[in-house]
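Below is one structure, written out as structure tokens, with a few remarks after it.
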Amino acid sequence: PYLRERMSDFDDLANRLLRQLMGRGPDDVAASLPKDAIIVARSMGAAELLDYPRDKLRGLVLEDGAATSHVVIVARAMGIPVAGQMRGAVSMAENGDAIIVDGEEGAIHLRPQPDLEAAYAEKVRFRARRQEVYRELRKKPSVTKDGVQVDLLMNAGLAVDLPQLAEAGAAGIGLFRTELQFMVASTFPRAEAQERLYRDVLDAARGKPVTFRTIDIGGDKVLPYFKDTIQEENPALGWRAIRLTLDRPGLLRTQIRALLKACGGRELKLMLPMVTELGEIAQAREIIDREVRHLSRFAHHLPTSLKLGAMLEVPSLLFQLDELMKAVDFVSVGSNDLFQFVMAVDRGNTQLSDRFDALSTPFLRVLKQIADAGVRNQTSVTLCGELAGKPISAMALIGLGYRSISMSPASIGPVKAMLTELPLAELETFFDDNLMAPAYGLPMRALLQAFADDRSIPL
Ligand code: PEP
Ligand code: MG
């Protein structure tokens with residue numbers, strides 16, 4: 001493993017500064033990183049992970065790192081096995097130690113004995129055979145056992161993610177996190193670089209739908225070169241995402257222009273992160289309209305259609321669902337943030353990450369209300385948080401009415417294996433009987449697990 005200098009007590013910014021003071025900027029670190037390195041660190045920001053060369057990184061072990069924290073999401077998207085919440089890992093591991101990182105189970109084995117290594121080698125072979133099954137599944141239609149179509153899309157954010165579209169057999173990109181390009185850069189990416197990336201994404205998608213999200217920075221996604229960054233007491237509730245870009249419209253205008261140009265002759269699906277009130281959608285729409293007018297004045301090739309959506313992450317929108325559905329072309333539920341705000345639980349706090357369950361009755365009722373509002377208003381509703389990527393929660397979402405979900409590419413195989421065995425009508429009856437029943441019976445997760453076990457649905 002590669003122990004990050006044991007400097008992990010400092011926050012990310014201090015880490016960077018220290019590295020630079022010691023003459024070890026990201027490039028030096030990259031050069032000194034051995035091949036097949038596993039980083040063991042107390043905590044790490046998503047931007048910092050992207051400083052390391054992908055081709056040398058074989059695993060990431062974090063003492064912090066909840067499943068929905070951005071660094072874990074980014075690591076998974078890059079196909080790096082990651083184990084979070086590994087208390088004491090930094091003090092226990094020494095440089096040069098062998099470590100097995102089991103990203104699937106979220107476990108590590110430090111200095112493994114030969115028999116454990118052999119057992120893991122067998123496990124890896126078993127998983128490879130299962131991957132083979134998933135590859136076979138790609139050719140099958142994405143329908144439930146009783147024939148209802150569900151689109152399984154993937155989340156992405158960097159050019160390196162694109163080959164996964166075909167490999168995973170995704171129906172398209174349901175969430176393209178445009179901020180990742182900003183996070184890997186050392187200065188604001190120029191308009192041309194943004195346009196080039198968006199064009200590459202659309203080319204790679206070969207006509208499959210792609211939903212771009214306008215930059216979602218702030219919170220735990222800091223850009224070191226963004227001079228206006230402010231210290232906030234509650235960054236998750238702070239100056240981030242659409243709040244920030246509406247205050248710095250130059251940033252948003254440049255991105256929208258790049259997107260409009262890249263999508264010339266094709267469809268542009270654009271969504272806004274962290275919408276809190278409908279006025280923000282109207283403001284963004286004004287900026288978009290102005291850019292459209294500007295480009296058409298200069299005879300640019302415009303998108304064939306423009307669909308504007310909002311992410312549903314802030315609970316205020318739950319109390320104006322019909323108005324929201326009418327104000328946009330589509331809604332995408334960001335369950336990572338929505339869960340954080342509905343349950344008042346920091347998505348990155350490992351002390352609390354197992355305490356509340358997204359498959360509990362109250363949160364499932366929230367998700368159902370959103371799906372119902374979509375049907376009522378004929379507005380398409382999708383979900384792109386981590387919840388979509390676990391077979392048991394994907395099953396619940398489909399039972400609640402979701403017909404399109406977006407997840408990390410590695411999840412598509414397991415979710416499709418569940419989908420094709422799911423008798424949806426029975427699950428709908430299950431929810432009719434259980435979802436509005438008093439919430440003090442058996443936990444919903446246990447009931448859902450039993451539902452699947454009784455019907456041999458692979459979860
Ligand atoms: C979410 O909040 O669920 C989401 C998809 O956005 P992000 O994880 O990038 O905050
Ligand atoms: Mg979010």
Side-chain angles (χ1 to χ4, degrees), residues 45-47 49-50 65-78 82 84 152-158 161 170 172-184 210-223 234-245 269-276 280 309-318 330-349 353 356 358-359 363 366-367 370-371 381-390 393-394 396-397 402 404-409 411 415:
L49 172 67
L50 294 163
T68 56
S69 69
H70 279 111
V71 64
V72 174
I73 292 173
V74 171
R76 280 216 205 95
M78 292 164 79
V82 47
L152 305 181
L153 301 123
M154 70 172 235
N155 296 343
L158 290 170
D161 300 333
I173 298 179
L175 164 64
F176 191 84
R177 291 182 163 100
T178 60
E179 65 275 7
L180 292 193
Q181 183 187 26
F182 288 70
M183 289 163 73
V184 297
V210 177
T211 302
F212 291 97
R213 174 172 77 181
T214 60
I215 44 172
D216 184 4
I217 50 170
D220 64 343
K221 294 188 252 192
V222 250
L223 305 181
N234 294 300
L237 307 178
W239 194 47
R240 46 178 297 207
I242 189 74
R243 301 169 181 185
L244 187 155
T245 47
K269 284 186 84 179
L270 183 63
M271 67 180 172
L272 310 170
M274 282 286 290
V275 171
T276 308
E280 292 163 330
M311 289 201 67
L312 205 168
E313 300 177 288
V314 181
S316 60
L317 295 183
L318 297 173
F330 65 95
V331 164
S332 185
V333 181
S335 56
N336 304 334
D337 276 313
L338 186 61
F339 184 72
Q340 148 163 284
F341 297 131
V342 166
M343 309 302 268
V345 60
D346 180 346
R347 64 190 274 184
N349 187 332
S353 47
F356 305 110
L359 293 186
F363 197 62
V366 166
L367 294 171
I370 301 168
V381 172
T382 171
L383 184 141
C384 61
E386 297 310 292
L387 209 51
K390 301 267 178 332
S393 43
L397 291 169
Y402 289 79
S404 153
I405 49 178
S406 192
M407 63 202 80
S408 72
S411 293
V415 168

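Counting starts at 1 for both ligands and their atoms, in listed order. One-based numbering along the sequence shown.
Contacts between Arg213 and ligand 1, counted as non-hydrogen atom pairs separated by less than 4.0 Å, involve the side chain only. Heavy atoms of Asn155 found under 4.0 angstrom from ligand 1: none, in either backbone or side chain. Of all the heavy atoms of Glu313, the ones lying under 4.0 Å from any atom of ligand 1 belong exclusively to the side chain.
Protein atoms that are N, O or S and lie under 2.8 Å from the Mg ion (ligand 2) are these: Glu313 OE2, Asp337 OD2.
Distance alone, capped at 3.5 Å, places no donor-acceptor pair between the Glu280 side chain and the Val275 backbone. Looking at Asn234, its side chain never comes within 3.5 Å of a backbone N or O of Ala236 through a donor-acceptor pair. Between the side chain of Thr178 and the backbone N or O of Arg213, at least one donor-acceptor pair lies under 3.5 Å. In this structure, the side chain of Ser404 does not engage the main chain of Thr382 through any donor-acceptor pair within 3.5 Å. Between the side chain of Ser406 and the main chain of Met154, a donor-acceptor pair closer than 3.5 Å is present. A distance-only check finds a donor-acceptor pair linking the side chain of Asn336 to the backbone of Glu386 [under 3.5 Å].
Contact atoms of ligand 1 toward Asp337: 1 (C), 2 (O), 3 (O), 10 (O) (distance under 4.0 Å to a heavy atom of the residue). For ligand 1, the atoms sitting less than 4.0 Å from at least one non-hydrogen atom of Leu175 are 5 (C), numbered in the order shown with element in parentheses. The contact set between ligand 1 and Gly334, taken as ligand atoms under 4.0 Å from a residue heavy atom, comprises 1 (C), 2 (O), 3 (O). Near Gly385, meaning under 4.0 Å from one of its heavy atoms, ligand 1 places the atoms 3 (O).
The closest approach between any non-hydrogen atom of Lys221 and ligand 1 is below 4.0 Å.
Counting only heavy atoms from C-beta outward, the side chains of Met407 and Val415 approach each other to under 4.5 Å. Looking at Ile242 and Met311, their side chains never come closer than 4.5 Å, going by heavy atoms from C-beta outward. Contact check for Val333 versus Tyr402: side-chain heavy atoms found under the 4.5 Å cut-off.
Comment: Arg177 does not engage Asp216 in a salt bridge, judged by the lack of any side-chain N to carboxylate O separation of less than 4.0 angstrom. Salt bridge status for Asp337 with Arg240: present, with a side-chain N to carboxylate O gap under 4.0 Å.
In terms of polar-atom proximity, defined here as any N/O pair under 3.5 Å, Ser335 does make such a contact with ligand 1.
Remark: minimum distance from atom 5 (C) of ligand 1 to any protein heavy atom is reached at Cys384 O, 3.5 Å. For atom 10 (O) of ligand 1, the nearest non-hydrogen atom of the protein is Arg347 NH1, 2.9 Å.
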